[in-house]
Amino acid sequence: MSSTQPLRSPQETLKLLYDVSREFNSALDLRTVLQRVLFLTMRNIGAQSGSIIVVDEHGEPIESAIIHGSNILSQTTQQLRITTEQGLAGWVMRNRTAALVKDTSKDPRWLRRPDDAVDRTGPKSAISTPLIAREQLVGVITLVNSTPGKFGRQHLSLVQAIADQAGVAVLNARLYAESKRQARVMGALAETASVINATIKLDEVLQRIAAQTRQALNVQASSLALLDEETGELVFRAVDGGAGSQLVGMRLKVGEGIAGWVARRGQPVIVHHAHGDPRFQPETDRRTGFYTSAIACSPISQDGKIIGVLEALNPQHGRFERDTLMVLNGICNLAGTAISHAQLFVQLQAAHQRYRDLFEDSLSPIIITDMEGRIVEANRQAIETSGFSQDELYRMSIADLHQVDEQHTGERLEALQESARTIIYESVMHLQGGETIPVQVLARRVSIESRPHIQWILRDITERKHIDSLRNDLISMIYHDLRSPLSNIISSLEILRSMLPQNDETIESVVQIAERSTERIQRLTNSLLDVHRLESGKPMLSQEIVGVVPLVDDAIEAVRLSLEAKQQSLEVAIPPDLPALYVDKDMIRRVLINLLDNAVKYTASQGRIRIEARPRDEMVEISVIDTGPGIPSSEQEHIFYKFTRLRSRPGSKGLGLGLTFCRLAVEGHGGRIWVKSQVGVGSRFSITLPSAPPESLLTHSAEVAGN
């Protein structure tokens with residue numbers, strides 16, 4: 001159109017708008033739509049050059065069509081961003097208002113580039129109007145003619161009319177392009193998920209992730225590095241294309257290089273010019289011989305923790321597409337899950353191998369049964385010790401191999417089915433020739449291939465039984481040899497007390513120490529005899545009704561000197577309406593003294609000790625609580641057995657019979673003893689004892705009243 005060309009008639013304008021509308025609806029491809037709209041508008045307005053810039057919902061430029069004369073030009077996203085931020089098009093977008101510029105040399109909104117200086121191209125006229133659809137800004141169209149004053153208001157109105165129709169067409173094309181892009185992204189991610197989840201071997205998973213990244217983003221090379229937690233370095237584990245094997249195994253400190261920056265910040269990044277970025281380390285290129293021009297890098301996370309990074313290097317078409325980070329982040333999300341599964345598989349394999357090694361190399365027979373007790377596996381030591389072949393064992397139940405203690409396991413092994421705790425008891429193991437050997441049985445529920453089983457460890461205790469027998473003989477001899485001289489010492493102390501001055505505190509203190517020491521020896525010898533008698537299954541000899549408070553008071557009196565020497569505080573919390581006990585008074589008194597003596601011994605000076613009691617069904621529960629060092633959970637099951645010393649307290653002295661006596665005495669009364677302890681906090685030893693029957697209590701009360 002020349003400068004003298006008249007404006008179109010209304011009929012011609014309507015036809016133009018019709019043609020424009022038809023062009024808009026003839027294609028959905030965004031770039032095709034933009035070029036058709038721009039060509040048609042330029043031809044009918046008389047523009048010599050023009051541009052349409054499309055923006056997303058955030059106002060960021062995503063696509064453009066630029067025509068100068070008959071040539072279609074291209075601009076980078078950065079150039080478009082400068083135009084929309086600083087030029088006439090940017091002003092129109094921000095204000096959503098069309099602009100008519102009759103002389104660009106006199107309008108400050110016109111962005112002048114070096115090739116557009118006034119002394120080179122001269123002043124121009126321009127029209128710019130926003131593309132709006134459904135009250136949403138979708139872009140801007142700008143038309144230029146080299147003649148100042150070429151465009152007038154009627155030209156502006158016509159461009160606005162075209163823009164009104166173009167807005168909807170561009171929005172639809174943009175949405176179509178977005179849906180295609182998302183479909184491509186989802187397709188790439190779906191394919192990636194399918195490929196990398198096809199294996200759970202870690203090295204294969206890593207290599208597949210790198211290969212899929214290279215394919216999905218169409219780049220020359222891709223690499224994956226995982227974080228070494230011990231050294232705090234990134235270790236390149238997989239590379240596809242590019243430097244290949246030269247890069248695998250290389251280490252990079254977190255914070256160094258672009259990959260290290262991403263690992264530290266946890267943020268993805270695209271670097272279009274790698275060697276111009278201060279974070280880039282060209283040393284890597286020199287070592288591998290691969291030239292890096294552009295990098296896209298994203299962190300790989302697992303449970304919110306960064307475990308590595310994934311890089312895409314050198315896009316084949318020169319620049320990364322705008323959905324690069326979306327695809328890369330999606331692959332990283334898939335990678336985090338896949339790597340987690342692969343690492344868990346590696347750990348599971350290692351755990352299975354360790355278990356298998358321990359299982360086969362164990363010096364004790366180990367039997368695995370199902371929950372009904374049928375043998376499903378046996379280690380080498382079980383076969384050698386029992387004399388049965390593997391096939392013979394697989395046809396047996398655990399009850400055929402040893403005498404199961406149903407008091408501990410339950411009649412149908414229900415105690416093992418209901419709890420994961422280890423059950424320990426002593427039994428005998430039946431050998432093929434009909435012989436038996438004494439064993440200690442440790443049974444617990446285990447999970448094998450996600451199914452519950454029972455593991456039985458049968459420890460040969462023949463030697464221990466022999467040693468126990470020798471110990472018992474020695475203890476018996478010591479007990480009988482001690483009784484006579486001990487009785488003489490006690491009698492002598494009683495006579496000596498009657499002969500000594502009554503008001504001499506020093507002498508009284510010495511005599512009290514001697515009396516308490518002999519009383520302690522007497523308790524020890526009585527405990528030795530009681531342990532032997534209770535282990536033989538003999539019943540309680542003399543049970544009587546006794547209150548809890550008198551028993552506790554006697555026990556406290558026995559340890560009072562030790563309490564005062566260590567300046568420890570003792571708190572007693574016993575309710576006044578607590579039922580009386582029906583027990584062997586002397587035996588339970590010694591049980592309480594043992595528990596209190598242990599609490600005093602292992603609690604630091606100025607520590608706290610507390611005694612509690614409460615009714616529990618038809619029993620009374622008594623607890624001794626200390627603030628001592630605590631007992632590791634691994635040792636709590638064993639401390640109530642004979643001659644057991646805590647491995648965590650190698651300096652402690654004694655025969656290891658105190659708690660054994662307590663257990664046998666309490667169980668002999670039909671009660672039980674247990675400990676709850678936390679290392680560094682303290683321990684709580686509890687016992688349950690039978691309360692006196694009501695009728696007996698009434699009879700006892702009547703007898704007391706009658707007296």
Side-chain angles (χ1 to χ4, degrees), residues 199-202 204 341-469 633-634 637-638 641 644:
T199 180
I200 53 176
K201 295 181 180 179
L202 183 57
E204 289 186 14
H341 291 167
Q343 289 175 332
L344 288 174
F345 177 70
V346 170
Q347 294 170 8
L348 183 62
Q349 280 188 318
H352 280 176
Q353 187 59 44
R354 286 195 299 270
Y355 176 78
R356 176 59 58 185
D357 293 342
L358 292 172
F359 182 76
E360 287 297 340
D361 296 341
S362 173
L363 298 178
S364 298
I366 300 179
I367 305 294
I368 304 296
T369 71
D370 60 18
M371 299 307 289
E372 284 72 44
R374 292 185 290 268
I375 296 176
V376 297
E377 196 166 357
N379 71 344
R380 182 170 51 251
Q381 192 64 34
I383 296 171
E384 293 177 359
T385 302
S386 69
F388 295 105
S389 68
Q390 189 176 62
D391 290 339
E392 288 174 326
L393 285 173
Y394 289 174
R395 292 193 294 268
M396 298 167 63
S397 73
I398 192 64
D400 298 327
L401 196 60
H402 87 288
Q403 185 175 337
V404 178
D405 189 339
E406 295 181 353
Q407 182 178 354
H408 287 84
T409 65
E411 186 176 352
R412 298 180 180 275
L413 306 181
E414 56 266 18
L416 289 164
Q417 296 172 5
E418 297 169 358
S419 172
R421 70 183 183 90
T422 300
I423 292 177
I424 305 174
Y425 59 88
E426 293 184 2
S427 181
V428 292
M429 181 177 179
H430 306 295
L431 309 183
Q432 187 186 39
E435 299 179 3
T436 61
I437 58 171
V439 291
Q440 183 189 49
V441 181
L442 292 87
R444 67 187 182 99
R445 189 182 69 200
V446 296
S447 178
I448 300 176
E449 296 179 353
S450 302
R451 297 181 61 185
H453 291 73
I454 301 175
Q455 178 194 73
W456 307 79
I457 301 177
L458 308 179
R459 293 176 177 168
D460 186 347
I461 55 173
T462 302
E463 188 65 26
R464 199 193 81 185
K465 284 291 186 182
H466 177 65
I467 294 174
D468 283 355
S469 178
S633 57
S634 60
E637 290 280 348
H638 312 290
Y641 290 89
T644 299

How close do [X] and [Y] get, counting heavy atoms only, and between which atoms?
X    : Y    : result
A382 : M429 : O-CE, 4.5 Å
G387 : Q432 : O-OE1, 3.0 Å
Q403 : H430 : N-NE2, 4.0 Å
I375 : L393 : CB-O, 3.4 Å
W456 : L413 : CH2-CD2, 3.9 Å
S389 : I383 : CA-CG2, 4.5 Å

Practice item. Return yes when atom CD of E435 has more than 12 non-hydrogen atoms of other residues, nucleotides or ligands closer than 6.0 Å, and no otherwise. Key: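 No - once you tally the heavy atoms of other residues, nucleotides and ligands closer than 6.0 Å, there are 12 at most.
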Close side-chain approach of [X] and [Y], heavy atoms under 4.5 Å:
X    : Y    : answer
T385 : L458 : no
R459 : V439 : no
R444 : L442 : no
T369 : R374 : no
I366 : Q455 : yes
M371 : P452 : yes

Gap separating the [atom1] atom of [X] from the [atom2] atom of [Y], nearest 0.5 angstrom:
X    : Y    : atom1 : atom2 : result
Q381 : S386 : CD    : OG    : 10.0 Å
R421 : L416 : CZ    : CG    : 8.5 Å
I368 : I454 : CD1   : CD1   : 9.5 Å
L401 : S427 : CG    : OG    : 9.5 Å

If only atom types and distance count, is the side chain of [X] paired as donor or acceptor with the main-chain N or O of [Y] below 3.5 Å?
X    : Y    : result
Q440 : I461 : no
N379 : S364 : yes
T409 : D405 : yes

Practice item. Could you verify whether a donor N or O on one side chain and an acceptor N or O on the other, from T462 and D460, lie under 3.5 Å apart? Key: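 Yes, because at least one side-chain N or O of T462 sits under 3.5 Å from a partner of the opposite role on D460.
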Exercise for review: Would you check, one step at a time, whether the test side chain to side chain contact (heavy atoms under 4.5 Å, CB included) holds for H453 with E377?
Suggested key: CA-CA 10 Å; H453 291 73; E377 196 166 357; over 6 Å; no
